[in-house]
Novice: 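My questions will all concern the structure given below.
Sequential numbering from 1 along the given sequence is applied to the chain's residues.
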Amino acid sequence: MSGLIKVVALSGSLRKASYNTGLIRSAIELSKSVVEGVEVEYVDISNLPLLNTDLEKEGTYPAEVEAFRQKILGADSFLFASPEYNYSVSAPLKNAIDWASRPPNVWARKPAAIVSVGGGHGGAKSHYHLRQIGVFIDLHFINKPEFFLNAFQPPAKFNGDGDLIDEDARNKLKEILLSLKAFTLQLQGKN
């Protein structure tokens with residue numbers, strides 16, 4: 001389908017029933033049924049080796065890193081599900097970002113959005129560190145709306161498998177996707 005915006009979605013949590021990965025599953029579902037013109041693809045980062053430039057040989061990267069970099073290069077925009085670990089982004093997410101920023105930086109000049117879930121402020125501090133990282137790697141984040149979800153305040157937000165069940169949160173996630181779509185089209189000069 002022409003005009004389809006390809007969104008690569010990354011979760012900074014590797015846990016099987018991760019609520020952050022659950023947000024991505026919901027975004028995929030919304031892109032298939034509610035948000036037209038957007039295709040969200042989850043890209044698993046769990047198999048990436050830790051960044052080590054000794055693994056780069058004559059301008060090439062390990063196979064799993066190169067496959068990941070090609071996914072990033074082929075995307076129109078990104079959706080980060082960023083849990084907050086110690087007031088920042090998780091190590092797996094930072095590792096993935098670093099691999100894709102190695103020369104040539106495949107993140108550059110593309111739009112992105114951040115969602116997060118957790119306790120307290122719902123992972124808000126991770127957003128601000130991710131935005132700082134984005135400045136250096138030339139990512140352009142949507143400013144509004146913001147999506148921080150406290151998973152532990154009633155009513156229940158997720159089921160036991162980590163699937164989003166809260167309708168208000170689904171509606172806010174839909175707004176994120178619509179904003180990301182509009183910003184992507186704007187940066188592509190199509191809006």
Side-chain angles (χ1 to χ4, degrees), residues 5 7-15 18-28 30 35 38 40-46 48 50-51 68-69 71-72 75-102 105-153 157-158 162 164 166 168-187:
I5 294 171
V7 178
V8 163
L10 306 173
S11 176
S13 176
L14 305 182
R15 193 171 60 84
S18 162
Y19 294 159
N20 282 280
T21 307
L23 292 177
I24 290 175
R25 286 193 301 274
S26 289
I28 291 169
L30 287 167
V35 181
V38 173
V40 179
E41 178 188 3
Y42 170 64
V43 174
D44 184 4
I45 61 174
S46 65
L48 293 175
L50 289 177
L51 180 68
F68 173 70
R69 288 173 56 82
K71 288 285 188 182
I72 300 305
D76 295 308
S77 56
F78 308 102
L79 177 64
F80 293 94
S82 182
E84 181 182 317
Y85 291 6
N86 298 318
Y87 278 31
S88 191
V89 298
S90 69
L93 184 56
K94 182 65 166 67
N95 185 57
I97 290 168
D98 290 345
W99 270 122
S101 71
R102 296 291 300 149
N105 173 16
V106 292
W107 298 110
R109 297 174 301 283
K110 293 186 182 180
I114 312 167
V115 296
S116 65
V117 60
H121 295 101
K125 292 176 188 81
S126 72
H127 286 231
Y128 302 124
H129 274 190
L130 188 49
R131 286 176 180 275
Q132 287 177 318
I133 294 165
V135 169
F136 187 77
I137 61 175
D138 199 19
L139 270 175
H140 304 284
F141 286 101
I142 64 169
N143 290 321
K144 299 287 182 193
E146 293 181 307
F147 187 104
F148 319 112
L149 181 62
N150 184 324
F152 307 109
Q153 290 181 335
K157 310 291 189 287
F158 295 87
L164 184 63
D166 182 79
D168 286 340
R170 284 178 58 81
N171 287 333
K172 290 176 183 172
L173 185 57
K174 174 186 157 193
E175 294 304 315
I176 291 287
L177 291 175
L178 290 171
S179 181
L180 181 58
K181 175 184 175 182
F183 193 44
T184 302
L185 291 172
Q186 180 182 351
L187 288 182

Novice: Evaluate the side-chain contact (heavy atoms from CB on, under 4.5 Å) criterion for residues Leu79 and Ile176: first the C-alpha distance (whole Å), next the side-chain angles of each, then the deciding distance (0.1 Å), finally the verdict.
Specialist: CA-CA 9 Å; Leu79 177 64; Ile176 291 287; 4.2 Å; yes

Novice: Mind listing the closest non-hydrogen atom pair of Trp99 and Arg69 along with its distance?
Specialist: O-NH1, 2.9 Å

Novice: May I have all residue pairs that pass side chain to side chain donor-acceptor pair (under 3.5 Å) and include part of residues 84-93, sequence neighbours excluded?
Specialist: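 For residues 84-93, and leaving out neighbouring residues, the side chain to side chain donor-acceptor pair (under 3.5 Å) pairs sorted by first residue read Ser88-His129.
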
Novice: Would you give the length of the straight line joining atom OH of Tyr19 to atom CD1 of Ile24, rounded to the nearest 0.5 angstrom?
Specialist: 16.0 Å

Novice: Would Leu149 and Leu164 satisfy side-chain contact (heavy atoms from CB on, under 4.5 Å), going step by step from the backbone distance to the final call?
Specialist: CA-CA 11 Å; Leu149 181 62; Leu164 184 63; 4.2 Å; yes

Novice: side-chain contact (heavy atoms from CB on, under 4.5 Å) for Asp138 and His140? Distances and angles first, verdict last.
Specialist: CA-CA 6 Å; Asp138 199 19; His140 304 284; 3.3 Å; yes

Novice: So, do Arg109 and Leu187 sit near enough that their side-chain heavy atoms are less than 4.5 Å apart?
Specialist: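 Contact flag for Arg109/Leu187 side chains = no.
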
Novice: Is any side-chain heavy atom of Pro145 closer than 4.5 Å to one of Lys172?
Specialist: no

Novice: For Asn105, give me all partners under side chain to side chain contact (heavy atoms under 4.5 Å, CB included), at least two apart in sequence or on another chain.
Specialist: Ser101, Trp107, Ala108, Ile137

Novice: So, the side chain of Arg102 versus the backbone of Leu51: is there a donor-acceptor pair under 3.5 Å, distance only?
Specialist: no

Novice: Should Leu177 and Val40 be marked as a side-chain contact (heavy atoms from CB on, under 4.5 Å) after you check the CA-CA gap, both sets of side-chain angles, and the distance that decides it?
Specialist: CA-CA 9 Å; Leu177 291 175; Val40 179; 4.3 Å; yes

Novice: If you take all heavy atoms of Pro92 and Ile45, which pair is closest and at what distance?
Specialist: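 Reported closest heavy-atom pair: O-CD1, 3.4 Å.
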
Novice: Which heavy atom of Ile72 sits nearest a heavy atom of Lys110, and at what distance?
Specialist: O-NZ, 3.0 Å

Novice: Roughly how far apart are Phe183 CZ and Lys144 NZ, rounded to 0.5 Å?
Specialist: 14.0 Å

Novice: Is it the case that the side chains of Asn20 and Ser18 hold a donor-acceptor pair, with the cut-off being a distance below 3.5 Å and no angle test?
Specialist: no

Novice: Within the structure provided, determine whether Pro111 and Leu180 are in side-chain contact (heavy-atom separation under 4.5 Å).
Specialist: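 They are in contact (side-chain heavy atoms under 4.5 Å apart), so the answer is yes.
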
Novice: To the nearest 0.5 Å, what is the distance between CG (Leu93) and CG (Leu10)?
Specialist: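 Reported value, rounded in 0.5 Å steps: 6.5 Å.
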
Novice: Of the non-hydrogen atoms in Ala151 and Val117, which two are nearest, and what is the gap between them?
Specialist: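 Minimum heavy-atom separation between Ala151 and Val117: CB-CG2, 3.5 Å.
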
Novice: Could you tell me whether the side chain of Asn150 and the main chain of Gly122 form a donor-acceptor pair under 3.5 Å?
Specialist: no

Novice: Looking only at atom types and distance, does a side-chain atom of Ser179 sit under 3.5 Å from a main-chain N or O of Glu175, one as donor and one as acceptor?
Specialist: no

Novice: Which pair of non-hydrogen atoms, one from Ala112 and one from Leu139, has the smallest distance, and what is that distance?
Specialist: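 Shortest heavy-atom separation between Ala112 and Leu139 comes out as CB-CD2, 4.2 Å.
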
Novice: Report yes if the side chains of Arg131 and Asn143 come closer than 4.5 Å at any heavy-atom pair, otherwise no.
Specialist: yes

Novice: Considering all heavy atoms of both residues, which atom of His121 and which atom of Lys125 are nearest to each other, and what is their separation?
Specialist: ND1-NZ, 3.8 Å

Novice: Measuring from Asn95:CG to Ser46:OG, what's the distance to the nearest 0.5 Å?
Specialist: 11.5 Å

Novice: Which residues pass the salt bridge (Lys or Arg N to Asp or Glu O under 4.0 Å) test with Lys71, not counting sequence neighbours?
Specialist: Glu41

Novice: Is a side-chain donor or acceptor of Ser126 paired with a backbone partner of Ser82 at a separation under 3.5 angstrom?
Specialist: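 Such a contact is found between Ser126 side chain and Ser82 backbone.
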
Novice: Quick one: CD1 on Ile114 to CG on Leu130, what's the gap to the nearest 0.5 Å?
Specialist: 4.0 Å

Novice: Atom CG of Leu30 and atom CZ of Arg170: how far apart are they, to the nearest 0.5 Å?
Specialist: 4.5 Å

